[in-house]
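The block underneath contains the structure these notes are about, expressed in structure tokens.
Just so it is clear, the values below take in all heavy atoms, side chains as well, and ignore hydrogens, waters and symmetry mates. Per chain, numbering begins at 1; letters A, B, ... match sequence-line order.
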Amino acid sequence: MSVKSLLENAVRRAMDSAGIPADCSPAVTRSNRPEFGDFQANGAMAAAKQLKTNPRALAGAIVEQLQQQLQGQVDKLELAGPGFINITLSAAFIGDQLAAKPTPDSRPAETVVVDYSAPNLAKQMHVGHLRSTIIGDAIARVLTHLGDTVIRQNHVGDWGTQFGMLIAELEEQLSSGEQAELALADLEQFYQAAKLHFDADPAFADKARAYVVKLQSGDSHCRALWQQFIAISIAHNVSLYRQLGVLLTEHDTMAESAYNDQLADVVATLMKSGIAVEDDGAKVVFIDELADKNGNPSPMIIEKRGGGYLYATTDLAAARYRAQVLRADRALYFIDARQSLHMKQVFATARRAEFVPATMQLQHLAFGTMMGADGKPFKTRSGGTVKLADLLNEAIERATVLVAEKNRDSDISADELAEIARKVGIGAVKYADLSKTRTNDYIFDWDSMLSFEGNTAPYLQYAYTRIVSIFRRADIELNSFAAAIAVELPQERALALHLLGFEDLLAQVAKECYPHLLCNYLYELASLFMSFYEAAPMLKEGVAPAVKASRLALAKRSADTLALGLELLGIETMQRM
RNA sequence: GCGCCCGUAGCUCAGUUGGAUAGAGCAACGGCCUUCUAAGCCGUGGGUCAGGGGUUCGAAUCCUCUCGGGCGUGCCA
């Protein structure tokens with residue numbers, strides 16, 4: 001159990017003894033100033049308000065109980081201000097807690113569907129897909145680490161009207177002797193070519209329209225062309241996922257088209273139960289929960305006038321599949337914030353139709369848009385969308401220059417430098433995204449993410465290599481090292497207490513799906529380690545053996561936490577840089 | 001019109017179910033390398049938390065209004 005949970009339990013028991021109702025939180029947090037101890041419990045004040053009694057007296061009663069409960073674990077319990085309880089732990093207790101293996105608080109394992117990335121297969125992946133892909137992957141990793149059964153679902157777009165045009169184009173290029181892989185080597189170019197063709201040649205445009213219909217009615221020729229197109233497009237994406245260090249594979253693909261044969265049933269079910277009604281020729285669900293202030297319910301069309309389904313229909317089928325076939329306890333949707341209304345509509349309808357049980361959680365984890373330095377959506381100089389592949393290549397190129405500069409006099413081989421640059425470049429791009437609050441727009445800026453200073457991936461990677469370097473120099477095996485920890489210096493204490501909060505932090509990330517919390521934690525950890533490193537020599541002359549061992553143990557614990565934290569973010573570490 | 005989100009230092013961003021004197025980084029300025037990687041550390045300056053009103057022991061945080069910005073809003077996804 002974490003130190004914080006332990007304190008929360010103790011304070012809660014003390015609150016029981018003081019006659020405080022069970023719904024009052026102990027409100028234990030880390031103290032924000034050293035003079036207020038290590039932790040503070042602020043729950044007495046809120047409880048006093050509810051009970052209409054004197055907060056300081058109530059806090060005093062809690063402190064009295066706590067004195068007995070925390071015997072030996074704390075050095076000092078202080079009553080301050082209107083009813084703050086300041087807790088200073090004993091150094092021995094901190095050392096013992098650090099020596100104990102970090103065990104997560106018991107948390108019931110769940111089956112969690114994580115829906116992320118979801119590019120449209122008609123085109124090459126671009127920066128617009130980056131946030132969903134990176135953030136979703138990080139959360140999937142965290143949940144897996146905490147013991148959940150994670151089912152990744154890459155809900156790729158493979159069924160729009162544009163596919164008629166694309167397969168008609170593909171057919172034509174194949175008939176002129178082109179190989180499919182070559183024709184589709186650059187999807188963006190292929191799309192442009194098809195579009196030009198479509199606009200310039202009426203006969204081709206007619207064929208394209210006809211092919212949409214044929215494809216959707218199961219024509220085998222069109223279907224074969226389409227499958228060829230889809231397979232190559234997915235292969236492109238998977239290779240990008242590899243380069244990005246994202247765990248998605250082709251097996252996680254669950255395309256829109258996979259639900260085609262269920263759409264009629266979704267609509268029929270909703271019509272039959274009266275949840276959907278015919279309106280102006282279309283089949284529509286009117287959602288009262290989302291009504292505006294004038295009482296107009298929010299409409300969601302699930303079948304167009306004259307037939308044809310929409311993405312709402314597909315999303316309803318997917319929600320049902322995730323509940324009834326995948327048996328998920330929780331489904332997470334990492335989708336752009338602009339689709340908030342749509343997600344609310346789908347969730348409300350899926351629940352009302354009992355496609356998903358009331359016990360299953362549906363969460364839309366929205367994120368903002370990636371902006372350029374000018375505060376407008378991130379584009380190339382000529383105003384086009386930035387391809388993901390180009391972005392990653394540029395990141396590595398930029399990192400290569402920087403890494404080479406820093407290692408002008410080092411004996412690291414060219415191959416290893418290239419590997420370092422790759423990890424630094426990719427890590428920088430991912431971290432820049434992960435470290436901003438998910439729900440806000442964020443500004444993409446090469447210089448700040450690769451500046452190697454401040455809250456960046458390179459800083460964290462550097463902190464890690466610095467620790468590895470200590471052990472290498474001392475010729476001690478990092479992985480197997482163990483020693484008792486005795487915290488003495490303030491820098492040791494601060495680092496130790498921060499390390500003890502890791503499990504709590506992960507639990508919070510799993511619950512709220514905010515990777516930036518983990519980033520902030522790791523950045524603070526690295527900063528605290530750097531300060532500790534300056535203040536607490538390990539290998540230098542005159543350091544007593546027990547002190548040296550203790551500090552090395554703290555360093556090891558820091559390295560392990562950094563490495564694990566970065567891994568959960570999907571960011572690679574290295575032995576030196 | 002209606003709905004959702006946002007507004008914190010010059011810039012980029014944190015800020016926990018309301019907690020004590022609102023924090024980092026960059027940029028600026030000043031220190032620290034014959035001693036574990038200076039991609040670092042220590043320090044200084046910098047704030048009408050968009051604005052008004054309210055709730056209370058206490059508000060960046062909750063309520064309300066105003067201003068400013070973004071996005072969405074019946075047959076694309």
Side-chain angles (χ1 to χ4, degrees), chain A residues 25 27 29-33 35-36 40 42-43 45-46 48-49 54-56 80-84 86 118 120 157 159-162 256 279-284 290-294 296 298-306 308 310-312 314-315 336-342 344 366 368-369 371 373 375 402-403 405-407 410 424 432 435-437 439-443 445 447-449 451-456 458-459 461-463 465-474 508 512 516-517 519-520 523-524 527 530-531 533-541 543 551 555 576-577:
Chain A
S25 161
T29 61
R30 282 295 305 281
S31 301
N32 46 13
R33 308 173 150 276
E35 61 265 36
F36 299 150
Q40 51 179 291
N42 303 333
M45 292 173 283
K49 182 184 277 190
N54 182 306
R56 211 178 146 91
F84 296 102
N86 295 332
N120 190 316
W159 202 246
T161 44
Q162 69 271 56
E256 281 180 340
D279 191 89
D280 201 14
K283 300 196 171 116
V284 186
L290 301 174
D292 66 18
K293 66 176 180 183
N294 302 317
N296 304 311
S298 178
M300 174 172 72
I301 297 178
I302 55 170
E303 186 178 321
K304 294 193 271 192
R305 182 176 1 167
L310 295 104
Y311 78 141
T314 311
D315 283 344
D336 195 294
R338 285 172 291 197
Q339 298 201 33
S340 295
L341 175 60
H342 166 73
K344 281 183 195 165
T369 308
M371 303 295 203
L402 293 167
V403 167
E405 218 168 87
K406 298 291 181 189
N407 285 287
S410 89
V424 167
S435 62
K436 268 82 180 184
T437 304
T439 48
N440 295 349
D441 292 346
Y442 93 96
I443 297 192
D445 178 39
D447 291 334
S448 63
M449 79 178 70
S451 78
F452 295 70
E453 283 166 10
N455 189 6
T456 65
Y459 178 84
Q461 289 167 323
Y462 174 65
T465 61
R466 224 170 170 181
I467 304 175
V468 171
S469 162
I470 296 165
F471 281 81
R472 185 166 49 229
R473 181 168 284 260
Q508 192 190 353
E512 300 172 3
H516 83 282
L517 298 173
C519 295
N520 290 349
Y523 176 58
E524 206 173 327
S527 304
M530 293 291 192
S531 300
Y533 177 90
E534 300 284 335
M538 286 164 254
L539 307 183
K540 292 182 182 178
E541 296 279 324
V543 180
R551 289 177 179 171
R576 49 184 187 168
M577 64 190 285

For A:Ala535 against A:Pro537, the heavy-atom pair lying closest together = O-CD, 3.3 Å

Determine whether A:Met300 and A:Leu290 make a side-chain contact, defined as any pair of heavy atoms from C-beta on separated by less than 4.5 Å.
-> no

Does the ring centre of A:Tyr459 sit less than 6.0 Å away from the ring centre of A:Tyr523?
-> yes

In whole Å, what separates the C1' atom of B:rA9 from that of B:rA28?
-> 13 Å

Interatomic distance where NE2 belongs to A:His516 and P belongs to B:rA24 [whole Å] | 17 Å

Closest listed nucleotide, where the reference is the side chain of A:Ser25 and the choices are B:rU17, B:rG25, B:rU21 = B:rU17

Under 4.0 Å between any heavy atoms, over every strand shown, what does A:Met577 touch: base, sugar-phosphate, or nothing? Just pick one.
-> base

Identify all pairs in which a protein N or O lies below 3.5 Å from an N or O of nucleotides 58-63 of chain B, and state each distance.
| from | atom 1 | to | atom 2 | distance (Å) |
| --- | --- | --- | --- | --- |
| B:rG58 | O6 | A:Lys49 | NZ | 2.7 |

In whole Å, what is the span from the CE atom of A:Met449 to the C1' atom of B:rC11?
-> 15 Å

B:rC26 and B:rC33: how far apart are their C1' atoms, nearest whole angstrom?
-> 24 Å

Is there a side-chain polar atom (N or O) of A:Asn32 under 4.0 Å from OP1 or OP2 of B:rA20?
-> yes

Please measure how far the P atom in B:rU64 lies from the corresponding atom in B:rG3, and state the result in whole Å.
-> 12 Å

Could you give the distance separating B:rC6 and B:rA38 at their P atoms, to the nearest angstrom?
-> 42 Å

Got a minute to check which stems RNA chain B is part of, using Watson-Crick or G-U wobble pairs under 3.5 Å, three or more consecutive?
-> B:1-7 with B:67-73, B:10-13 with B:23-26, B:28-32 with B:40-44, B:50-54 with B:62-66

Rounded to whole angstroms, how far apart are CD1 on A:Ile467 and P on B:rG40?
-> 15 Å

Do the side chain of A:Asp441 and the main chain of A:Thr369 share a donor and acceptor less than 3.5 angstrom apart?
-> yes

Measure from the side chain of A:Tyr462, starting at C-beta and using heavy atoms only, and say which of B:rC36, B:rA20, B:rA39 lies closest.
-> B:rA39

May I ask you to decide if A:Asp292's main-chain N or O and A:Asn296's side chain share a donor-acceptor pair within less than 3.5 Å?
-> no

Measure all distances between protein nitrogen or oxygen atoms and nitrogen or oxygen atoms of nucleotides 74-77 of chain B, and list the pairs falling under 3.5 Å.
| from | atom 1 | to | atom 2 | distance (Å) |
| --- | --- | --- | --- | --- |
| B:rG74 | O6 | A:Asp279 | OD2 | 3.4 |
| B:rG74 | N1 | A:Asp279 | OD2 | 2.5 |
| B:rG74 | N2 | A:Asp279 | O | 3.1 |
| B:rG74 | N2 | A:Asp279 | OD2 | 3.2 |
| B:rC75 | O2 | A:Arg305 | N | 2.7 |
| B:rC75 | N4 | A:Asp280 | O | 3.2 |
| B:rC75 | N4 | A:Asp280 | OD2 | 3.3 |
| B:rC75 | N4 | A:Arg305 | NH2 | 3.4 |
| B:rC76 | OP2 | A:Lys304 | NZ | 2.7 |
| B:rA77 | OP2 | A:Tyr311 | N | 3.3 |
| B:rA77 | O3' | A:Glu256 | OE2 | 2.2 |
| B:rA77 | N6 | A:Tyr311 | OH | 2.9 |

Please determine, for the side chain of A:Met45, which listed nucleotide (B:rU37, B:rG70, B:rG19) has the closest atom?
-> B:rG19

Quickly work out the A:Arg472 CZ to B:rU37 P distance and round it to whole Å.
-> 8 Å

Check every strand shown and say whether A:Tyr523 touches a base, only sugar-phosphate, or nothing at a heavy-atom separation below 4.0 Å.
-> sugar-phosphate

Assign A:Pro82 to base, sugar-phosphate, or nothing according to its heavy-atom contacts below 4.0 angstrom with the strands shown.
-> base

Looking at the side chain of A:Asp441, which of B:rG70, B:rA39, B:rU37 is the nearest nucleotide?
-> B:rG70

Minimum heavy-atom separation for A:Pro55 to A:Pro82, with atom names?
-> CB-O, 3.3 Å

Within the modelled atom types, does a donor on one side and an acceptor on the other bring the side chain of A:Asn86 and the base of B:rA20 under 3.5 Å apart?
-> yes

Determine the contact category for A:Ala27: base if any of its heavy atoms lies under 4.0 Å from a base atom, sugar-phosphate if only primed atoms, P, OP1 or OP2 are that close, otherwise nothing.
-> base

Answer yes or no as to whether B:rG19 has its base stacked against A:Phe84, where stacking requires a ring-centre separation under 5.5 angstrom and planes under 30 degrees apart.
-> no

Using the C1' atom in both, what is the distance from B:rU61 to B:rA22, to the nearest Å?
-> 11 Å

What does A:Asp336 touch in the nucleic acid at a heavy-atom separation under 4.0 angstrom: a base, only the sugar-phosphate, or nothing?
-> nothing

Winner on side-chain proximity to A:Glu453, out of B:rG15, B:rA20, B:rC26, is B:rC26

Provide the distance between the two C1' atoms, one in B:rU17 and one in B:rU21, to the nearest whole Å.
-> 23 Å

Write down the distance between CZ (A:Arg33) and C1' (B:rA20), rounded to a whole number of angstrom.
-> 7 Å

Would you list the protein and nucleotides 3-6 of chain B atom pairs, both N or O, that sit under 3.5 Å from each other?
none

Establish whether the base of B:rU37 is bridged to the side chain of A:Arg473 by a donor-acceptor pair shorter than 3.5 Å.
-> no

When the P atoms of B:rA50 and B:rG10 are considered, how many whole Å apart are they?
-> 13 Å

Closest approach of A:Pro458 and A:Val424, non-hydrogen atoms and distance?
-> CG-CG1, 4.0 Å

Please identify each residue that fulfils salt bridge (Lys or Arg N to Asp or Glu O under 4.0 Å) with A:Lys344, with sequence neighbours left out.
-> none

Using a cut-off of 4.0 Å on non-hydrogen atoms, how would the nucleic acid contact of A:Ser469 be classed: base, sugar-phosphate, or nothing?
-> base

Under the side chain to side chain donor-acceptor pair (under 3.5 Å) rule, what do A:Ser448 and A:Asp445 come out as? Steps first, then yes or no, please.
-> CA-CA 6 Å; A:Ser448 63; A:Asp445 178 39; 3.2 Å; yes

Where does B:rC42 fall, syn or anti, if syn means a chi angle no more than 90° from 0?
-> anti

Could you state the CZ-P distance from A:Arg30 to B:rG19, rounded to the nearest angstrom?
-> 17 Å

Protein-nucleotide distance (A:Phe452, atom CZ; B:rU12, atom C1'), rounded to Å = 18 Å

Identify whether any heavy atom of A:Lys540 sits under 4.0 Å from a base atom; if not, whether one sits that close to sugar-phosphate; answer base, sugar-phosphate or nothing.
-> base

5' precedence on RNA chain B between A:Asn294 and A:Arg338 (nearest-nucleotide basis) | A:Asn294

Roughly how far, to the nearest 0.5 Å, is CD1 of A:Ile467 from CE of A:Met538?
-> 8.0 Å

Just the atom pairs and distances: protein N or O near nucleotides 41-45 of chain B's N or O, under 3.5 Å.
| from | atom 1 | to | atom 2 | distance (Å) |
| --- | --- | --- | --- | --- |
| B:rC41 | OP1 | A:Tyr459 | OH | 2.8 |
| B:rC41 | O4' | A:Glu534 | OE2 | 3.3 |
| B:rC42 | OP1 | A:Ser531 | OG | 2.8 |

If you look at every strand shown and take non-hydrogen atoms under 4.0 Å, does A:Gln162 touch a base, only sugar-phosphate, or nothing?
-> nothing

Rounded distance (Å) that lies between atom P of B:rG7 and atom CD1 of A:Ile443 | 13 Å

If you look at every strand shown and take non-hydrogen atoms under 4.0 Å, does A:Ala474 touch a base, only sugar-phosphate, or nothing?
-> nothing

When all nucleic acid strands are considered with a 4.0 Å heavy-atom cut-off, which category describes A:Arg576: base, sugar-phosphate, or nothing?
-> base

By nearest-nucleotide position on RNA chain B, the 5'-leaning member of A:Lys406 and A:Tyr533 is A:Tyr533

